[in-house]
Amino acid sequence: MMVISLFVTPSASAAEIHVAPPPMGDDSNPGSADRPFASINHAATLAKAGDTVWIHPGTYQPEQEIRPANSGTQDAPITFRAKPGGEVILDGQLKLPLETERKLGIISLEDREWIVVDGLSLINSRWAGVLARRSTGITVQNCSTLNTYGSGIIAANSSRIRFLHNTVRQACVHPTAGTYTDECITLASVNDFEIAHNKVSDRLIDSNNGGEGIDVKNACRDGSIHNNVVHDLVRLGIYCDSYEKDLSNVSIHSNTVYNCRYGIVIACEEGGTVRGVRVHDNLVYDCPRGGIRVAGYLRGGVKQDIAIYQNTVVRIGVKGVPDNPEDPIKVSGILIDSRHPENHSFVVRNNLLSGNVNQIDTAGQSYLTIERNLLHGPSKVTGTDAILADPLFVNAAENDFRLTEKSPAIDAATGQPKSPTDRNGTPRSEPSDLGAFEWSPQTP
């Protein structure tokens, strides 16, 4: 996967443009540090490749969506960055975006290239916080969104997208039932992406049709979802759904998901295809309906080359299971219920499952390998070479699911695939451990 460098050598023509709230800011000023503009929109019409728009602390209430007039380049992106010293708040006042039918954001990047949005707080949007559509090389980092009727951050029909170190809270809270609000962080038909180190939470009332935590869907390919923390959502935490298109080569690893209806789900709702999805080194716990699932619901399209390995899944179904007669599944730590006749090459190996109402369940698929998992508690399916034992966590009551030195999971992993590092980035030994956490003598 291509890595985008955010630290570039400015070109000779690169400019610094400053924006500050009135009375210091005024759009008749030259936009210098001591005489800044008043509106981000004005700066956005002027910024060119290599320029940085420094947005001074304060609250801004733009009258229309912020839409950069120009694109940057890979070596000289346009950057909209919060100036250190206080919070920069863009308040849509539930008036922006103006064009709700087109589902825009307070910041709307359409048909643009190589733009960085860094350190801004976006609140009270009538749809999204930041939206990218038909764009390339967009990075949204160190931002926060709160109380957005649609997604906090969304990209569609785009490429080379990076959403890094953002906090998304109370997204998809449109008050009208039946409204399709997408998900808290959404990627739809995006090629080459990274969603990493984000925090997504706080959607506990299901007021509309949407609101999953992180979703890569439709024709997404060649990307990763890693090191995110997703919690306290009425719907599922991380979703990988081809819908009716083709999705491929996605890695979902090193995430923590808890207090969501489901943890991590792979699906093809409307008959598309999913190929080459790897789910590993994730921690999933306290989800009432399911932990990790390869789902066969709705039209249940083709899924091939699915690997679920070295995850830790704990206390699934323990906090109660909401009644849902339309989806009468058996709650399990890992559930494989996709049964399309063209499915092949499913692997569930070297996972650690403990204290779930059921550890593993399947639909008896012949193309499914279940091997060398530690199972602590009842399990409909055990597979081959299972370890039936207490994993001996450091402190499960305090949600510390690392291993103690006498854990039977230590040095127990066999076969492939295996990950080189664990949930915390600790290098794995050989043989490595079961589950998301590698034990070492240095573990406190």
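Hydrogens, waters and symmetry mates play no part in the numbers below; they use all other heavy atoms, side chains included. It should be emphasised that the depicted structure is a prediction, and the values quoted were computed from it without experimental measurement.
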Problem set entry | Criterion side-chain contact (heavy atoms from CB on, under 4.5 Å) on V331 and I316, from CA distance to verdict | CA-CA 7 Å; V331 177; I316 301 303; 3.9 Å; yes
Problem set entry | side-chain contact (heavy atoms from CB on, under 4.5 Å) evaluation trace for E110 with L104 | CA-CA 9 Å; E110 295 186 289; L104 299 174; 3.7 Å; yes
Exercise. After noting the C-alpha distance and the side-chain angles of S28 and D26, does the key distance pass the side chain to side chain donor-acceptor pair (under 3.5 Å) rule?
Worked result: CA-CA 5 Å; S28 65; D26 191 312; 2.7 Å; yes
For this session: Assess whether side-chain contact (heavy atoms from CB on, under 4.5 Å) is satisfied between N356 and V313, documenting all intermediate values.
Result: CA-CA 8 Å; N356 308 297; V313 184; 4.2 Å; yes
Exercise. Could you go step by step and tell me if E113 and R160 meet the side-chain contact (heavy atoms from CB on, under 4.5 Å) rule?
Worked result: CA-CA 10 Å; E113 296 183 347; R160 298 186 180 184; over 6 Å; no
For this session: Walk me through it: do D182 and S151 pass the test side chain to side chain donor-acceptor pair (under 3.5 Å)?
Result: CA-CA 6 Å; D182 294 305; S151 301; 4.6 Å; no
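Using modelled atom types, one finds a donor on one side chain and an acceptor on the other under 3.5 Å when comparing E87 with S121. Between the side chains of T73 and D75, no donor-acceptor pair of N or O atoms lies under 3.5 Å. Side-chain contact of S242 with T273: a donor-acceptor pair under 3.5 Å is absent, judged by distance alone. Between the side chains of D91 and T59, no donor N or O sits under 3.5 Å from an acceptor N or O. No hydrogens or angles considered: a donor-acceptor pair under 3.5 Å links the side chains of S32 and D34.
Proximity of L122 to V130: side-chain heavy atoms (C-beta onward) are separated by under 4.5 Å at one or more points. Contact check for N191 versus R221: side-chain heavy atoms found under the 4.5 Å cut-off. Looking at N198 and V168, their side chains never come closer than 4.5 Å, going by heavy atoms from C-beta outward. Within the 4.5 Å cutoff, the side chain of F37 has heavy atoms near those of the I17 side chain. Annotation: side chain of I308 is in contact with side chain of I336 (closest heavy-atom distance under 4.5 Å). A 4.5 Å side-chain heavy-atom check between V88 and K83 finds every atom pair outside the cut-off. At least one side-chain heavy atom of N399 sits under 4.5 Å from a side-chain heavy atom of R315. Annotation: side chain of L392 is not in contact with side chain of W439 (no heavy-atom distance under 4.5 Å).
Rounding to the nearest 0.5 Å places CG of D232 at 13.0 Å from CZ of R203. Between the OG atom in S429 and the CD atom in E438 there is a gap of 4.0 Å [rounded to 0.5 Å]. Summarising the geometry, atom CG belonging to D192 is positioned 9.0 Å from atom OG belonging to S224; distances are rounded to the nearest 0.5 Å. Between C184 atom SG and K199 atom NZ the span is 16.0 Å, to the nearest 0.5 Å. Note: I185 CD1 to C172 SG = 10.5 Å, rounded to the nearest 0.5 Å. In this structure, CG on D111 lies 9.0 Å from OG on S158, to the nearest 0.5 angstrom.
When all heavy atoms of N373 and L434 are compared, the pair lying nearest together is C-CD1, 4.5 Å. Nearest heavy atom pair, residue G213 against residue V230, reads CA-CG1, 4.2 Å. Looking at every heavy atom in both residues, A47 comes nearest to V53 through CB-CG2, 3.9 Å. Scanning both residues, P391 and S407, for their nearest heavy atoms gives O-OG, 2.6 Å. In terms of heavy-atom proximity, L131 sits nearest to K103 at CD1-O, 2.8 Å. The two residues M24 and A33 make their nearest non-hydrogen contact at CE-O, 3.5 Å.
Checked by atom type and distance alone, the side chain of D433 pairs as donor or acceptor with a backbone atom of D411 at under 3.5 Å. Looking only at distances, no side-chain donor or acceptor of N157 sits under 3.5 Å from a matching main-chain atom of R134. A donor-acceptor contact shorter than 3.5 Å links the side chain of R112 to the backbone of P68. Judged by distance alone, the side chain of R299 and the main-chain N or O of E270 form a donor-acceptor pair under 3.5 Å. Side-chain atoms of T179 never come within 3.5 Å of backbone atoms of T181 as a donor-acceptor pair (strictly under, hydrogens ignored). R261 places no side-chain N or O within donor-acceptor distance of the main-chain N or O of L233, the cut-off being under 3.5 Å. A donor-acceptor pair under 3.5 Å links the side-chain atoms of S135 to the main chain of L109, judged by distance alone. Judged purely by atom type and a 3.5 angstrom limit, N147 has no side-chain atom pairing as donor or acceptor with the backbone of Q170. A side-chain donor-acceptor contact under 3.5 Å links S207 to the backbone of H174. The main-chain N or O of G92 is never found under 3.5 Å from a side-chain atom of N124 such that the two would form a donor-acceptor pair.
Applying the salt bridge (charged side-chain N to carboxylate O under 4.0 Å, His left out) criterion to R349, with sequence neighbours excluded, gives E371.
Sorted by first and then second residue, the ring-ring contact (aromatic ring centres under 6.0 Å, His included) pairs involving residues 194-230 (not counting sequence neighbours) are H165-H197, H197-H226, H226-H253.
For Y60, the OH atom sits in a packed shell: over 12 heavy atoms of surrounding residues, nucleotides or ligands are nearer than 6.0 Å. Summarising the local packing, CD of Q416 is surrounded by more than 12 heavy atoms from other residues, nucleotides or ligands at distances under 6.0 Å.
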Listing, residues 277-284 side-chain donor-acceptor contacts under 3.5 Å, not counting sequence neighbours, or none:
from, atom 1, to, atom 2, distance (Å)
R278, NH1, N249, OD1, 3.3
R278, NH1, G276, O, 3.1
R278, NH2, N249, OD1, 3.3
D281, OD1, S419, OG, 3.1
D281, OD1, R428, NE, 3.4
D281, OD1, R428, NH2, 2.5
D281, OD2, S419, OG, 2.6
N282, OD1, S254, N, 3.3
N282, OD1, N255, N, 3.0
N282, OD1, N255, ND2, 3.0
N282, ND2, I252, O, 3.0
N282, ND2, H280, O, 3.1
N282, ND2, N311, OD1, 3.0

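Aromatic ring orientation, F401 versus F393: perpendicular (interplanar angle above 60°, classes split at 30° and 60°).
For E430 and K418, the salt-bridge test passes: some basic side-chain N is under 4.0 Å from an acidic carboxylate O. The pair K217-D241 does not count as a salt bridge, with every side-chain nitrogen at least 4.0 angstrom from each carboxylate oxygen.
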